[in-house]
Amino acid sequence: MHDHLLDVNITKRFGNMDVLTDIRFQVEPNEFLVIVGPTGCGKTTLSNVLSGIDTATVGAVKMHGDKVDPHKHNLSYIFQEPSCIPWYTMLEDVTMGPIIKGQSKEQAEARGREVIKLVGLEGYEDYYPRQISGGMKQRVAIARAYATNPDLLIMDEPFGHLDAQTRYLMQIEIMRIWEQDRKTVVFITNNIEEAVYLASRILVLSKLPATIKCEYVIDIPRPRDLTDPKFLKIRAEITRECEIVE
Ligand SMILES: Nc1ncnc2c1ncn2[C@@H]1O[C@H](COP(=O)(O)OP(=O)(O)OP(=O)(O)O)[C@@H](O)[C@H]1O
Ligand SMILES: [Mg+2]
């Protein structure tokens, strides 16, 4: 019964406003689940509830069979807004998580250097956020998320602030990292092309209040070609479902 990594069955309201209605799905170990939905439909609200930093109005999110709790469960959350601490170097930033989880300074630093290398930022360990680009900050956020070796990574539109070129490079990068160890990812986006490029499976959300409209298993081999007819077909199909004019 507790075979799923995550078991979600939630409704969320803010006062009288319904935001998430009867959202039910499971997340399996090692999958790259993408949740795609239009702007303002409740994606960040869903991310907050999935990660346990907010609670459902009805129902619950269960991780390994227990109510999700960021203090207890080993999960990382990459926020929609860029979030580097201005007075921390890159190494100090990514070391913080492992230290909070109880590692010694030496262990945490070793892990910090490892994840900085993982995201391709070796050599920038002593840089401050003001000295690095937006794309590099997002790599730091990914490194920080991986640093604690989480069972689950929740990413809320992590590339939404990046220009198209950097966004594309980051999509390639996140796939490269995921293919190394297949850590379970729940990736949230409003970008259908990004969803089809990354996902093992896609859940499509409706406009506010969000419900799950449909689900697609994406079995196109990786790395995916954005111009492959199969890619374009599924992308067009989801676009129609989302009622988003691209
Ligand atoms: N804490 C809150 N209290 C009241 N209303 C909220 C709260 N958080 C979000 N909302 C409302 O819930 C709705 C969904 O917001 P949310 O940020 O989850 O959408 P989103 O899909 O992430 O949007 P975007 O695409 O812009 O990132 C909005 O109408 C928002 O005003
Ligand atoms: Mg959002």
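Along the sequence shown, residues are numbered consecutively beginning with 1. In each ligand, atom 1 is the first atom listed, and ligand 1 is the first ligand listed.
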Nearest-0.5 Å distance that lies between atom CD1 in Ile10 and atom NZ in Lys62: 13.5 Å
Heavy-atom nearest neighbour in the protein, as seen from atom 19 (O) of ligand 1, with distance rounded to 0.1 Å: Gly42 N, 3.3 Å
Presence of salt bridge, Asp69 and Lys67, under 4.0 angstrom: no
Polar proximity ligand 1 side, Lys43 side, N/O cut 3.5 Å exclusive: yes
Electrostatic pair Glu237:Arg240 at N-O distance under 4.0 angstrom: no
Val19 N/O to ligand 1 N/O under 3.5 Å: no
Winner among Leu205, Thr189, Thr45 once heavy atoms are compared against atom 16 (P) of ligand 1: Thr45
Nearest-0.5 Å distance, CE of residue Met136 to OH of residue Tyr127: 7.0 Å
Check: Phe14 N/O within less than 3.5 Å of ligand 1 N/O: no
Where the Mg ion (ligand 2) is the vertex, angle from Gln80 OE1 to Thr44 OG1 to 10°: 80°
Carboxylate-amine/guanidinium contact Glu173 Arg176, below 4.0 Å: yes
Any N or O of Leu208 closer than 3.5 Å to N or O of ligand 1: no
Heavy-atom neighbours of Tyr88 OH exceed 12 at 6.0 Å: no
Residue, atom name and distance, where the atom is the protein heavy atom closest to atom 17 (O) of ligand 1: Thr44 CB, 3.7 Å
Atom 12 (O) of ligand 1 protein-contacted (non-hydrogen atom, under 4.0 angstrom): yes
Any N or O of Gln80 closer than 3.5 Å to N or O of ligand 1: yes
Atom 29 (O) of ligand 1: the protein heavy-atom neighbour that sits closest, reported with distance to 0.1 Å: Met17 CE, 3.8 Å
Asp219/Arg201 salt bridge by N-O under 4.0 Å criterion: no
Residue among Asn9, Ile35, Asp7 satisfying side chain to side chain contact (heavy atoms under 4.5 Å, CB included) with Phe25: Ile35
Proximal candidate to atom 23 (O) of ligand 1 [heavy atom criterion; set Gly15, Gly40, Cys41]: Gly40
